[in-house]
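Just so you know, residue 1 is the first one in the sequence shown, and it goes up from there. Both ligands and their constituent atoms are indexed starting at 1 by order of listing.
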Amino acid sequence: MTDPARPAQALALAGGWCWFDRIEVLERGMPARIIPASDAPADVIARLIAPRAMLAGLALDRPRIMGILNVTPDSFSDGGRFLDPARALDQGRKMAEDADLLDIGGESTRPGAPAVSVQQEIARTAPVIAALREAGLALPISIDTRKADVAEAAMAAGAQVVNDVSGLVYDPALAGLVARHDVPVCVMHARGTPETMQAEADYDDVLLDVYDGLADCVARAVAAGIARDRILVDPGIGFAKTGVHNLALIARLSLFHGMGCPILLGASRKRFIGTYGGAEAPDQRMPGSVAVALAGVAQGAQVVRVHDVAETRQALRVWLSLRTAGADRMPSQKPDEFSQGETKSPLGSAGGL
Ligand code: HH2
């Protein structure tokens, strides 16, 4: 919940901007039921309330915007626009004005996309990361790859987060590399490969199947020596999912806080936004993408991965200002440090909001 009318006994979710005083219990084959938070097992509550660790120097007690920069000829929405390194550099610098971190990718993972060779993926991504660093960009950079060699080259060039859409399945060497470098990693739920995944969009219970799949990813990461507080989880919107699956996952995204890890939501300009929003072309899907990002933030998602960084930043600022307005009418509630910052300075700085 984000309503300013917050009951005194409510608990802060993940040390952030949402609160809760009840829990919806989802079980396979059973109707959902709601219980008071005070009836939930202590270990569940502990995972839900624990403040999340910093992400490459970014505190996650406020929503963070990850700007997407695809250095590819064929990404579904910005393919070809930033393949030229000079253009990629310009776009990265522009996005850095409003983003908290950048996600650089050199291989499209849209449904049906063919795999790209390691050499080609490195040649697309590492020079752009190095150029962004040479240009003085200080914000964290994440490398969007399934491959250890690509991640290694990106880290040598200045990236310090790994984002793997295969959830550490595709390349068995990636988890060990992440562990050795002790960097944060986002594990995303997917099935199959981009070429095959849409045939695997079949679930008994999409929320619980994706939850269990992500729990396996987290267990795999921990078994490889990655510290649990270095892991972000992502339900993988559009990866082996139909539009109905995507809506179900976003509508109950807060379920994933139960894993005790920060949540990353990547829905920007994806097909279901066109379907439900009536926008055929990906570059017409900004308003729907902003709506979904806010829906995620309203459930406490710590990171939203977006193409339209400036528009998302503006929407977030206004949303956060509305959320904090009126909180001071609650006698039992002291505005937290974050809310005070928002109230005093709704425009904030690039690092905050
Ligand atoms: N989606 C895409 C790529 N990487 N990473 C995470 N963690 N979550 C996502 O939802 C996600 C992702 C696909 O989007 P995009 O990068 O815009 O397109 P393409 O794969 O065609 O380059």
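Summary of contacts: the protein heavy atom closest to atom 4 (N) of ligand 1 is D144 OD2, 2.9 Å. For atom 20 (O) of ligand 1, the nearest protein heavy atom (residue, atom name, distance) is T109 N, 2.7 Å. Atom 5 (N) of ligand 1 has N163 ND2, 3.1 Å as its closest protein atom, hydrogens excluded (heavy atom only). In this structure, atom 21 (O) of ligand 1 lies nearest to the protein heavy atom S108 OG, 2.7 Å. The protein heavy atom nearest to atom 2 (C) of ligand 1 is R305 NH1, 3.5 Å.
Looking at ligand 1, you'll find an N or O of N70 within less than 3.5 Å of one of its N or O atoms. The shortest N/O to N/O separation between F239 and ligand 1 does not fall below 3.5 Å. Residue F76 places at least one N or O, backbone or side chain, under 3.5 Å from an N or O of ligand 1. Below 3.5 Å of separation, one finds no N or O of D78 facing any N or O of ligand 1. For a threshold of 3.5 Å applied to N or O pairs, the pair formed by D74 and ligand 1 contains no separation below that value.
Shown in contact with R110 at under 4.0 Å from a heavy atom are these atoms of ligand 1, numbered in order with element: 20 (O), 21 (O). Taking every non-hydrogen atom of C186 and a distance limit under 4.0 Å, the qualifying atoms of ligand 1 come out as 7 (N). Against a heavy-atom cut-off of under 4.0 Å, G266 is close to the following atoms of ligand 1: 10 (O). The distance from ligand 1 to the heavy atoms of V165 drops below 4.0 Å at these ligand atoms: 4 (N), 5 (N), 12 (C). Which parts of ligand 1 touch L264 is read off a 4.0 Å heavy-atom cut-off, strictly below it: atoms 7 (N).
Ligand 1 does not have T72 within reach: every non-hydrogen atom of the residue lies 4.0 Å or more from it. Distances shorter than 4.0 angstrom do not occur between any heavy atom of G105 and any atom of ligand 1.
Environment of CZ in R81: sparse, with no more than 12 heavy atoms of neighbouring residues, nucleotides or ligands closer than 6.0 Å. Residue-environment remark: CZ (R230) exceeds the threshold of 12 foreign heavy atoms within 6.0 Å.
Taking all heavy atoms of P194, P235, S75 into account, the minimum distance to atom 22 (O) of ligand 1 is reached by S75. Of the candidates K270, M188, H307, R269, K270 brings a heavy atom nearest to atom 1 (N) of ligand 1. With distances taken over non-hydrogen atoms, the option nearest atom 8 (N) of ligand 1 out of D234, V306, V71 is D234.
Among V297, L253, V306, the single residue meeting the side chain to side chain contact (heavy atoms under 4.5 Å, CB included) criterion with L265 is L253.
In this structure, a donor-acceptor pair under 3.5 Å is present between the side chains of E121 and T145. Neither side chain, S254 nor H257, offers a donor N or O lying under 3.5 Å from an acceptor on the other. In this model, a donor atom of one side chain and an acceptor atom of the other lie less than 3.5 Å apart for S166 and D164. Judged by distance alone, the side chains of D103 and S142 do bring a donor and an acceptor atom under 3.5 Å apart. No hydrogens or angles considered: a donor-acceptor pair under 3.5 Å links the side chains of S77 and R269.
Cation-pi contact between R110 and F76: absent, since separation from the ring centre below 6.0 Å together with deviation from the ring axis within 45° is not met.
Between F239 and H189, the distance separating the two ring centers is not shorter than 6.0 angstrom.
Of all the heavy atoms in L214 and M188, the pair that sits closest is CD2-C, 4.0 Å. Across all non-hydrogen atoms, the minimal contact from V187 to I231 is CG2-CG2, 3.9 Å.
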